[in-house]
Amino acid sequence: MSKLDPLPGLSPYPLQHFYDEMYADERSIRPHYRHVNRMFSGMSPEELQGKQKLLQRRMMEEGITFTLYNPAQDHAMERTIPFDMVPRIIPKGEWERLEAGIVQRITALNLFIHDIYHEQYIVKDGIVPRRMIISNCYFRPEMAGLRVPGGAYVTTSGIDLIRHHDGEYYVLEDNLRTPSGFSYLFKGRSLMNQLFPELSFASSIRDVDHSLNRFLSVLRSLSPSRTKDPVIALLTPGEYNSAYYEHAFLAQQMGIHLVEGRDLVAQDHKIYLKEMNGLRRVDVLYRRLDDDYIDPLAFQPSSLLGVAGLMNAYRAGNIAIANAPGTGVADDKAMYVYVPDMIRYYLNEEPILGNVPTYLLSRPQERQYVLDNLAEMVVKETSLSGGYGMLIGSEASKEELVDFRLKILADPARYIAQPIMSLSRAPVLSGGTMAPRHIDLRAFVLMGADRKPHVIPGGLTRVAMKEGSLVVNSSQGGGVKDTWVMA
């Protein structure tokens, strides 16, 4: 018997009050994990460490990296993203409910974005305050009245979900601008198939590879030219971007052009790709940089990353941009509070998935409550992502709490707060044994001109690799797991 699990079904670590994905209690394995537990328990620590070394070597050979930025230092560090070999497993019925809730949410958010840039019925009817729109830094007046190809504002999205100690899933965030992590989902499955073919092929799990074809079909459906073979390009900030590996991977896998702003030129309200033989018109641009940088003539004049004249071509209906400019108006963390109301308003349905309780610090009563209980709160800047600009009260020093209190008082509308949730845990392999780590789930959604959201089966499980930490973001040192949905 290996060091992993001294007795089959016996938890190798204290479960405490957290929901554990593998262990139902101290002495029993959840049914959908039995096959995985049996296989890992039958391997010696030496075998597991050998697999881990092989995994690291494969990731280095294939360049599966992520760039970490340390504000305290003057340089960035490129590294392989920590990948844990114990998969996270979601039963079929559980996934079906998650999928239905995610589709419902994205459908309502897409309708909201269209409404905000057209009739603004939801504002006129008093559901969302006008000031929440006007003061939103991601609101783009330039998008007012514009026709978006296929009516699909949110072509790609990443919905972050957590499971609380009550066993229920809650939506933590909606990532609607340039969500990242697709490549780690697809490569994670590929690596697991290579390292443990006997495990993955013997298990009845949903395939994810077909979603790459769906991704390409979604982008093709947006083409305004209606040509049989539209030209699609992925616009990247360049090789120094933290997610550049993903940009290159997606372009290669889908057979589309990987370009930087300098590779494109605007002429006659159309966008062209510079090639050896001349110019080639681009029909769809999948951009992986924020609105501010995509066109220096329309947004940030100092940007060297975008294409001058891109928005003119977009207004003329000669190119599709995914995601559409201005989607960030629904991505803002303060707007998240209103998503359940959007679902009721646009779909006349009750939300299938609940929000994490959230306090808007622009509201005096809610602000005072948060300030009185700051050590028990997670406070986030509404416009930031990736774990930046965030305070976890239980892990903060007295000085950090005082500093954040002053920041909140100076500009309350800049922040939201949520109670510290008990993120579920899952076992990771550490030194030949299993250790518990907190996790969340980023579910990826694709939506084309038919406006029928496709949720990639499983998504990406993100892991807080530091013991006891709740921060799962890759930009803050988090890792990932392959996520299996039972077929």
Check: When you measure from the side chain of Arg30 to the backbone N and O of Asp20, does any donor-acceptor pair fall under 3.5 Å?
Finding: yes
Checklist line | Partner set under salt bridge (charged side-chain N to carboxylate O under 4.0 Å, His left out) for Arg97, not counting sequence neighbours | finding: Glu168
Check: Atom CD1 in Ile89, atom NE2 in His35: separation rounded to 0.5 Å?
Finding: 9.0 Å
Check: Under the side chain to side chain contact (heavy atoms under 4.5 Å, CB included) test, which residues partner Ala330, sequence neighbours left out?
Finding: Leu109, Phe112, Ile113, Leu176
Next item on the list: For the pair Met254 and Leu219, evaluate side-chain contact (heavy atoms from CB on, under 4.5 Å) and give the outcome as yes or no after the intermediate values.
Entry: CA-CA 10 Å; Met254 289 192 283; Leu219 293 174; 4.1 Å; yes
Check: Which value, rounded to the nearest 0.5 Å, describes the distance between Met335 atom CE and Leu360 atom CG?
Finding: 9.5 Å
Item checked: Test item: Ile416 and Val379 side chains (from C-beta on) under 4.5 Å apart, heavy atoms -> no
Next item on the list: Establish, yes or no, whether the cationic atom of Lys380 lies under 6.0 Å from the six-membered ring centre of Tyr415 and within 45° of the ring axis.
Entry: no
Check: Side chains of Phe444 and Leu460: closer than 4.5 Å at any heavy-atom pair?
Finding: yes
Item checked: Distance (rounded to the nearest 0.5 Å) between Gln418 CD and Thr358 OG1 -> 4.0 Å
Checklist line | Straight-line distance of Tyr293 OH to Arg287 CZ, nearest 0.5 Å | finding: 12.5 Å
Next item on the list: Say whether, by atom type as modelled, one donor and one acceptor occur between the side chain of His438 and the main chain of Ser469 under 3.5 angstrom.
Entry: no
Margin query: The test is side-chain contact (heavy atoms from CB on, under 4.5 Å); show your working for Trp95 and Val455 and say whether it passes.
Written below: CA-CA 10 Å; Trp95 176 254; Val455 187; 3.7 Å; yes
Notebook entry, point to check: Any side-chain heavy-atom pair from Phe182 and Leu250 closer than 4.5 angstrom?
Noted result: yes
Check: Yes or no on side-chain contact (heavy atoms from CB on, under 4.5 Å) for Met390 and Val378, after CA distance, side-chain angles and deciding distance?
Finding: CA-CA 7 Å; Met390 183 170 74; Val378 176; 3.9 Å; yes
Notebook entry, point to check: Looking at Glu349 and Arg344, does any basic side-chain N land under 4.0 Å from a carboxylate oxygen?
Noted result: no
Next item on the list: Please check if any side-chain donor atom of Thr156 sits under 3.5 Å from a side-chain acceptor atom of Asn323, or the reverse.
Entry: yes
Checklist line | Any donor-acceptor pair under 3.5 Å from Thr483 side chain to Thr461 backbone | finding: yes
Check: In chain order, what residues pass the salt bridge (charged side-chain N to carboxylate O under 4.0 Å, His left out) check against Glu47, with sequence neighbours excluded?
Finding: none
Margin query: Looking at Glu467, I want to see if its CD is surrounded by more than 12 non-hydrogen atoms of other residues, nucleotides or ligands under 6.0 Å.
Written below: no
Margin query: Using only atom types and a distance under 3.5 Å, with no angle test, would you say the side chain of Tyr170 pairs donor to acceptor with the backbone of Met421?
Written below: no
Next item on the list: Show the numbers, then the answer: is there a ring pair (Phe, Tyr, Trp, His ring centres under 6.0 Å) between Tyr13 and Tyr23?
Entry: CA-CA 10 Å; Tyr13 53 78; Tyr23 297 97; 5.7 Å; yes
Checklist line | Worked verdict on Met486 versus Arg206 for side-chain contact (heavy atoms from CB on, under 4.5 Å) | finding: CA-CA 6 Å; Met486 304 307 290; Arg206 295 270 302 274; over 6 Å; no
Margin query: For a quick test of reading the model, state the closest non-hydrogen atom pair linking Leu374 to Leu401 and the distance between them.
Written below: CD2-O, 3.6 Å
Notebook entry, point to check: Just how far is it from atom CD1 of Ile392 to atom CG of Leu470, taken to the nearest 0.5 Å?
Noted result: 5.5 Å
Checklist line | Nearest heavy-atom neighbours spanning Pro427 and Asp84 | finding: O-OD2, 3.6 Å
Margin query: Any salt bridge linking Asp291 with Arg177? Criterion: basic side-chain nitrogen under 4.0 Å from a carboxylate oxygen.
Written below: no
Notebook entry, point to check: For Glu260, does its backbone N or O pair with a side-chain atom of Asp263 as donor and acceptor, under 3.5 Å?
Noted result: yes
Check: Quick check: does any side chain N or O of Ser28 sit under 3.5 Å from a backbone N or O of Ala24, one acting as donor and the other as acceptor?
Finding: no
Margin query: Just so I know, are the side chains of Met22 and Asn37 near enough to count as touching, which here means a heavy-atom distance under 4.5 Å?
Written below: yes
Margin query: For Leu234 versus Arg288, what's the shortest heavy-atom pair and its separation?
Written below: CD2-CG, 4.0 Å
Check: Does Asp482 pair with Arg88 as a salt bridge, N-O distance under 4.0 Å?
Finding: no
Checklist line | Option passing side-chain hydrogen bond (donor to acceptor under 3.5 Å, both in side chains) with Glu21 (candidates Arg425, His32, Arg163, Lys481) | finding: Arg163
Check: What heavy-atom pair brings Tyr346 and Ala108 nearest, and what distance separates the two atoms?
Finding: CD1-O, 3.9 Å
Checklist line | Over all atoms of both residues, closest heavy-atom pair of Val282 and Ala233 | finding: CG1-CB, 4.2 Å
Next item on the list: Report yes if the side chains of Phe18 and His164 come closer than 4.5 Å at any heavy-atom pair, otherwise no.
Entry: no
Item checked: Heavy-atom side-chain contact between Ile162 and Tyr169 under 4.5 Å -> no
Notebook entry, point to check: Does any non-hydrogen side-chain atom of Arg220 lie less than 4.5 Å from one of Asp283?
Noted result: no
Margin query: Less than 3.5 Å apart, any donor N or O on the side chain of Tyr19 or Asp166 sitting next to an acceptor on the other?
Written below: no
Note to self: Taking atom CE as the centre, does Met60 end up with more than 12 heavy-atom neighbours from other residues, nucleotides or ligands that are less than 6.0 angstrom away?
What the structure shows: no
Check: Would you find a donor on one side and an acceptor on the other, under 3.5 Å apart, between the side chain of Gln49 and the backbone of Glu46?
Finding: no
Check: Would Phe196 and Phe40 count as a ring pair (Phe, Tyr, Trp, His ring centres under 6.0 Å) if you check the C-alpha gap in whole Å, the side-chain angles of each, and the deciding distance to 0.1 Å?
Finding: CA-CA 10 Å; Phe196 302 102; Phe40 279 101; 5.3 Å; yes
When the side chains of residues 208-218 are checked against the rest of the protein, which donor-acceptor pairs come out under 3.5 Å, sequence neighbours left out?
from   : atom 1 : to     : atom 2 : distance (Å)
His210 : ND1    : Asp207 : O      : 3.4
Ser211 : OG     : His454 : NE2    : 3.1
Ser217 : OG     : Asn213 : O      : 3.0

Margin query: If I take atom NZ from residue Lys187 and atom CZ from residue Arg58, how far apart are they, to the nearest 0.5 angstrom?
Written below: 9.5 Å
Next item on the list: For residues Thr236 and Leu258, determine if any side-chain heavy atom of one lies less than 4.5 Å from a side-chain heavy atom of the other.
Entry: yes
Checklist line | Minimum-distance pair of heavy atoms, taken over all atoms of Pro82 and Gly478 | finding: CD-O, 3.6 Å
Item checked: salt bridge (charged side-chain N to carboxylate O under 4.0 Å, His left out) involving Arg105 - partner list, sequence neighbours excluded -> Asp174
Item checked: Non-neighbouring partners of Asp160 that pass side chain to side chain contact (heavy atoms under 4.5 Å, CB included), sequence neighbours left out -> Leu172, Glu173, Asn175, Asp440, Arg442, Arg462
Margin query: Could you check whether any side-chain N or O of Asn355 sits under 3.5 Å from a backbone N or O of Pro357, counting only pairs where one atom can act as donor and the other as acceptor?
Written below: no
